[in-house]
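These numbers come from a predicted model, not from an experiment.
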Amino acid sequence: MNGLIILGLLVMLMLTGMPISIALGLTVLSFIFGFTQVPLESVALKLFTGIEKFEIMAIPFFILAGNFLTHGGVAKRMINFATSMVGHWHGGLGLAGVLACALFAAVSGSSPATVVAIGSILLPAMAKAGFPARFGAGIVTTSGALGILIPPSIVMVMYSVSTNTSVGALFMAGVIPGILLAFLLGLTAWWRARKFNYPRQTKATTAQRLKALRECFWGLLLIVVVMGGIYTGLFTPTEAAAMAAVYAFIIAVFVYKDMGLKDVPRVLLASANMSAMLLYIITNAVLFSFVLANENIPQHLADSLITMGLGPIAFLAVVNILLLLAGNFMEPSSIVLIMAPILFPVAMKLGIDPVHFGILIIVNMEVGMCHPPVGLNLYVASGVTKMGITELTVAVWPWLLTMLGFLVLVTYWPPLSLWLPNLLMK
């Protein structure tokens, strides 16, 4: 009954159009004051202890690094490099878009940043080359979602904070699924380009490819700095985030010189605004998790599902449906912070690996970012492409179907996520 009261309060507040973070906080406070004997002091203490975790510091640093890279010319150089490598194949600029999104995702950790950085440069070039607007929009919208699967990923950090799962293990687990999804999205683009005979670029010479690689080398080196540092044990994921922010600042201002020192305060302010918004959501989500745990709701839910005879296969199917439905109304950060504490104990009781479960949740978030009515990437892409949400929804469907097929693969083949972490952590 208490679980239904909490859920009812949350849904009712969200239906008023209230921001999710505020709805979470009001739900928690209303329930605590109206239905429990929890002292006010413990609420204040939980607010403080909930965001003092060391891992949370990674979020503002990765946001700052992504903003420096977005404004610092890295995306343009990555697109040039990707085009020199795959531009001569069917739909070459589209394939270059997928590859550029994958590369930028590996240094930014954010899907919307990837869509803006790659889309604003690639889409005008595709239109000039004679590609239909929908083809380019579909590629950038869906490939931009790689930003939360290919490490480093802000959403992975949030899952780690919610469930106490290792951030390093999650980062490792995202590498192979991220590469495979990028390949499948590229394959879909190639197949459609071949079917409709879309333009191809002139094949780049070896000298042109080496020149493009040399120009984007400093941007690509960030992948080595962050991931290499984590996997060799030189620094933790949080320290890697700080390194990424400093490195991104140096290459944007002093190496590529596409950003002046006068632009730095603007980037810092934008990063601070975004970080504050996410930390506010996290704070309220921590309170929400506290209330759920205090009422033993996740444990009761786990016992009920196990009593019903729901095994791992059926449970994972139910989780996918729940998360895909949640993706219709909420953005990824909120879904992870609300749903993970509820579903995670059930998954543990059923013997599902926490890292595999995390990757499954993140792939669901990717799908949710690319379909209406609240698909974050759709709205970002709409601003970049000047296309309506309905037209964009039609544009993304071939790649969205590919992502749904990939979700089934990730759900029921755990070695896809777990092979690399198990290999590196032996």
Side-chain angles (χ1 to χ4, degrees), residues 1-8 10-11 145 148-149 155-156 158-160 162-166 169-170 173-174 176-178 180-181 184 285 288-289 292-293 295-371 374-375 400-422:
M1 179 57 71
N2 284 346
L4 290 175
I5 292 170
I6 293 170
L7 183 63
L10 181 61
V11 170
I148 63 170
L149 179 59
V155 178
M156 284 182 185
M158 291 186 169
Y159 175 81
S160 168
S162 300
T163 61
N164 290 319
T165 306
S166 164
L170 285 166
I176 293 177
L180 179 58
L181 180 57
L184 292 174
F288 187 73
S289 301
L292 292 177
E295 298 298 315
N296 288 320
I297 291 168
Q299 289 74 16
H300 290 316
L301 179 64
D303 293 339
S304 300
L305 290 173
I306 291 167
T307 305
M308 287 166 55
L310 208 61
I313 293 174
F315 170 71
L316 291 177
V318 170
V319 167
N320 281 336
I321 292 167
L322 276 174
L323 293 175
L324 290 173
L325 288 173
N328 285 303
F329 308 104
M330 292 186 280
E331 46 84 37
S333 304
S334 303
I335 297 173
V336 169
L337 292 167
I338 294 171
M339 303 293 280
I342 298 172
L343 299 171
F344 186 77
V346 188
M348 295 307 95
K349 279 201 172 187
L350 291 171
I352 296 165
D353 188 276
V355 174
H356 168 229
F357 193 63
I359 298 300
L360 178 153
I361 287 178
I362 285 161
V363 175
N364 271 288
M365 299 304 95
E366 286 191 294
V367 176
M369 294 183 88
C370 300
H371 69 73
V374 187
L400 201 55
L401 289 177
T402 302
M403 293 171 80
L404 287 169
F406 176 73
L407 174 60
V408 174
L409 182 64
V410 166
T411 302
Y412 294 113
W413 190 34
L416 181 64
S417 307
L418 300 178
W419 178 79
L420 188 59
N422 291 341

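- For Ile335, the side chain to side chain contact (heavy atoms under 4.5 Å, CB included) partners two or more places apart in sequence, or in a different chain, are Leu323, Ala326, Met330, Met339, Met365.
- When side chains are defined from C-beta on, Leu170 counts as touching Ser160, because their heavy atoms get closer than 4.5 Å.
- The minimum heavy-atom distance linking Cys370 with Ala145 is given by the pair SG-CB, 4.0 Å.
- Taking each heavy atom of Met156 and Gly174 in turn, the nearest pair found is CE-CA, 3.8 Å.
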Under 3.5 Å, which donor-acceptor pairs link side chains of residues 405-412 to any protein atom two or more places apart or in another chain?
from: Thr411; atom 1: OG1; to: Asn320; atom 2: ND2; distance (Å): 3.0
from: Thr411; atom 1: OG1; to: Leu407; atom 2: O; distance (Å): 2.6
from: Tyr412; atom 1: OH; to: Ile313; atom 2: O; distance (Å): 2.9
from: Tyr412; atom 1: OH; to: Ala317; atom 2: N; distance (Å): 3.4

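- Remark: of the listed residues Val155, Leu400, Ile148, Ile148 is the sole one forming a side chain to side chain contact (heavy atoms under 4.5 Å, CB included) with Glu366.
- In terms of heavy-atom proximity, Thr163 sits nearest to Thr165 at OG1-OG1, 2.8 Å.
- At a threshold of 4.5 Å between non-hydrogen side-chain atoms, the residues Leu360 and Ile352 do not count as touching.
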Test side chain to side chain contact (heavy atoms under 4.5 Å, CB included) applied to Leu416 and His356, step by step: CA-CA 9 Å; Leu416 181 64; His356 168 229; over 6 Å; no

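- Atoms CG and CG, on Leu404 and Leu324 in that order, are 6.5 Å from each other to the nearest 0.5 Å.
- Atom CD1 of Ile176 sits about 11.5 Å away from atom CG of Leu149, to the nearest 0.5 Å.
- Contact record, Met369 with Pro332: CG-CG, 3.5 Å, taken as the closest heavy-atom pair.
- Note on ring orientation: taking the six-membered ring where Trp is involved, the planes of Phe357 and Tyr159 are tilted (angle from 30° to 60°).
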